[in-house]
There are 2 protein chains.
Amino acid sequence: MRILLVEDESQLLNAYVKGLKQDGYAIDTAGDGASAVELCEINTYDLVVLDINLPKLNGIEVLKQVRTLNKSVKIIIVSANRSIEQRIEGLDLGANDYLTKPFDFQELRARIRALLRRDFISQPKVLTINDFNIDLNLHQITYQGKMILLTLKEYTILTYLIQNRERIISSEELLEKCWNDEADPFSEAMRVHIYALRKKIQEATQRDDVIQTVKGVGYRFNP
Amino acid sequence: MRILLVEDESQLLNAYVKGLKQDGYAIDTAGDGASAVELCEINTYDLVVLDINLPKLNGIEVLKQVRTLNKSVKIIIVSANRSIEQRIEGLDLGANDYLTKPFDFQELRARIRALLRRDFISQPKVLTINDFNIDLNLHQITYQGKMILLTLKEYTILTYLIQNRERIISSEELLEKCWNDEADPFSEAMRVHIYALRKKIQEATQRDDVIQTVKGVGYRFNP
DNA sequence: ATTTCGCTTAATATTAACTTAATATACGCT
DNA sequence: AGCGTATATTAAGTTAATATTAAGCGAAAT
């Protein structure tokens with residue numbers, strides 16, 4: 001899952017980035033409205049967190065343009081007071097949620113998860129699929145109760161595959177959703193991660209068909 | 001665990017702060033209602049002790065606003081007479097407990113622990129996990145009966161990890177829960193404490209995997 | 001006033017995660 | 001079958017996160 005954070009207070013921004021990366025999202029950031037719109041032109045985000053008080057380009061204008069570029073992206077508006085929230089609602093600009101500053105990071109986290117889960121097959125915080133148990137709060141994946149210790153990137157990839165297990169995920173999609181802007185599109189890095197993942201999964205489950213390869217198409221999770 | 005004390009008699013306040021810090025809580029204080037609300041806007045407390053007789057902003061108003069800002073915070077109301085207590089109950093403002101002045105500090109201490117323990121896995125005053133024994137009354141942690149001598153901060157960190165041992169705790173969360181307002185969010189202090197803790201634990205247990213690092217995610221207690 | 005102790009700061013070292021790159025294997029196609 | 005392309009495997013290199021160490025500071029204790 002890929003998220004764009006638009007916020008001009010860089011200290012706040014850094015805190016959010018760190019927190020959300022831990023949840024396995026690929027994060028890009030923009031410090032002003034113009035670069036936010038630019039990034040949305042280049043990339044496809046699943047969600048944008050947009051502080052409405054921005055330099056260079058009025059926040060409401062940014063919202064309009066981002067929505068025009070991508071009808072399905074989820075947008076969370078952050079504003080300093082509730083009246084702005086009401087004004088945006090009134091304008092019907094298609095924001096999906098609102099947060100009034102100041103707010104707790106856990107609150108933001110919960111709202112992001114709530115918005116993104118609608119895209120998934122079904123999404124409680126803990127899901128059990130056959131012998132697998134995925135706890136999105138704890139970043140923990142177990143097989144028959146046995147914990148599979150994964151790195152951040154491995155966890156990101158595997159949960160993406162799991163949450164979209166009814167589809168075959170192309171490597172392009174995986175790269176798009178699990179990496180941010182800085183990712184090299186020709187990199188083989190993903191394959192190495194898939195390899196490491198399979199190795200750990202094989203160790204825990206004694207099975208080697210959990211991540212299936214569909215040649216020329218992509219990967220899929222086979223529980 | 002992080003607590004806000006709201007009380008205008010500064011002598012009383014200081015006594016509470018001292019006593020509760022000894023119990024390993026991170027304490028912030030406010031002398032009037034306005035600054036209490038302000039602090040609640042900025043920080044996420046686990047518990048607020050609120051004296052209802054306050055200058056600047058009526059105590060009941062403070063209670064309302066604090067509750068609006070954070071639905072899950074525990075609130076203990078301190079008042080001079082029981083009728084106020086009944087009035088608040090009648091208004092259904094979501095206080096979790098009441099104390100009538102004058103009261104014994106030990107009474108306050110016990111009620112705080114009682115309210116906070118509901119968040120934990122299960123929380124008697126003494127818990128035994130494998131060879132570890134944690135006595136929250138005495139602030140003593142032993143391994144196979146052998147006492148591990150810890151400083152206050154070490155004790156605070158370790159008990160937080162122990163009481164949330166089913167989760168991986170990020171350094172942000174640890175900082176939020178074990179330090180108060182004055183903590184520098186970019187400080188490396190926590191790492192130094194973790195190091196000291198590990199050293200003492202290693203000495204006592206001969207094991208060096210008791211506090212596990214999950215890189216990019218956080219720490220966890222592994223009994 | 002001096003010492004001790006707990007906490008923090010800051011500089012440096014170490015380690016694990018991630019990426020790169022080179023080589024090997026597997027698969028589908030004619 | 002044999003060729004070409006896609007993917008797997010391995011090892012080595014780079015980067016970012018965390019660990020370690022020593023020094024400094026201030027509050028409490030002697």
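A, B, ... follow the sequence lines: proteins, then strands. Residue 1 opens every chain.
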Measuring from atom [atom1] of [X] to atom [atom2] of [Y], what distance do you get when rounded to the nearest 0.5 angstrom?
{"X": "B:Asn53", "Y": "B:Lys101", "atom1": "CG", "atom2": "NZ", "value": "6.5 Å"}
{"X": "B:Asn222", "Y": "B:Asn130", "atom1": "CG", "atom2": "CG", "value": "8.5 Å"}
{"X": "B:Gln11", "Y": "B:Leu13", "atom1": "CD", "atom2": "CG", "value": "11.0 Å"}
{"X": "A:Leu149", "Y": "B:Gln212", "atom1": "CG", "atom2": "CD", "value": "7.0 Å"}

**OP:** Tell me yes or no: between the side chains of A:Tyr45 and A:Asp28, is some donor less than 3.5 Å from an acceptor?
**Re:**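 Yes.
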What's touching nucleotides 4-8 of chain D from the protein side, N or O pairs under 3.5 Å?
residue: D:dT7; atom: OP1; partner: A:Gly216; partner atom: N; Å: 3.0
residue: D:dT7; atom: OP2; partner: A:Arg191; partner atom: NH2; Å: 3.3
residue: D:dA8; atom: OP1; partner: A:Arg198; partner atom: NH1; Å: 2.5
residue: D:dA8; atom: OP1; partner: A:Arg198; partner atom: NH2; Å: 3.3
residue: D:dA8; atom: OP1; partner: A:Thr213; partner atom: OG1; Å: 2.6
residue: D:dA8; atom: OP2; partner: A:Tyr219; partner atom: OH; Å: 2.7

Original post:
If the sugar-phosphate is the primed atoms plus P, OP1 and OP2 and the base is the rest, what is the B/S/- string for nucleotides 22-30 of chain D, using protein heavy atoms under 4.0 Å?
Top reply: ---------
Subject >> Positional range of nucleotides in DNA chain C within the contact set of chain A, heavy-atom, under 4.0 Å >> reply: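 It runs C:dA17 to C:dC27.
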**OP:** Using the closest heavy atom to pick a nucleotide of DNA chain C for each, name whichever of A:Leu150 or B:Leu150 lands nearer the 5' end.
**Re:** B:Leu150
Side-chain ion pair, [X] and [Y], N-O less than 4.0 Å:
{"X": "A:Lys74", "Y": "A:Asp97", "result": "no"}
{"X": "B:Glu107", "Y": "B:Arg111", "result": "yes"}
{"X": "B:Arg198", "Y": "B:Asp208", "result": "no"}

**OP:** Determine the interplanar angle of the B:Phe105 and B:Tyr16 rings, folded into 0 to 90°, and report it as parallel if under 30°, tilted if 30 to 60°, perpendicular if over 60°.
**Re:**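 It falls in the parallel class, under 30°.
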Original post:
Are A:Gln140 and A:Asp135 close enough, and set up right, to give a side chain to side chain donor-acceptor pair (under 3.5 Å), and what steps lead you there?
Top reply: CA-CA 5 Å; A:Gln140 259 181 204; A:Asp135 189 319; 5.8 Å; no
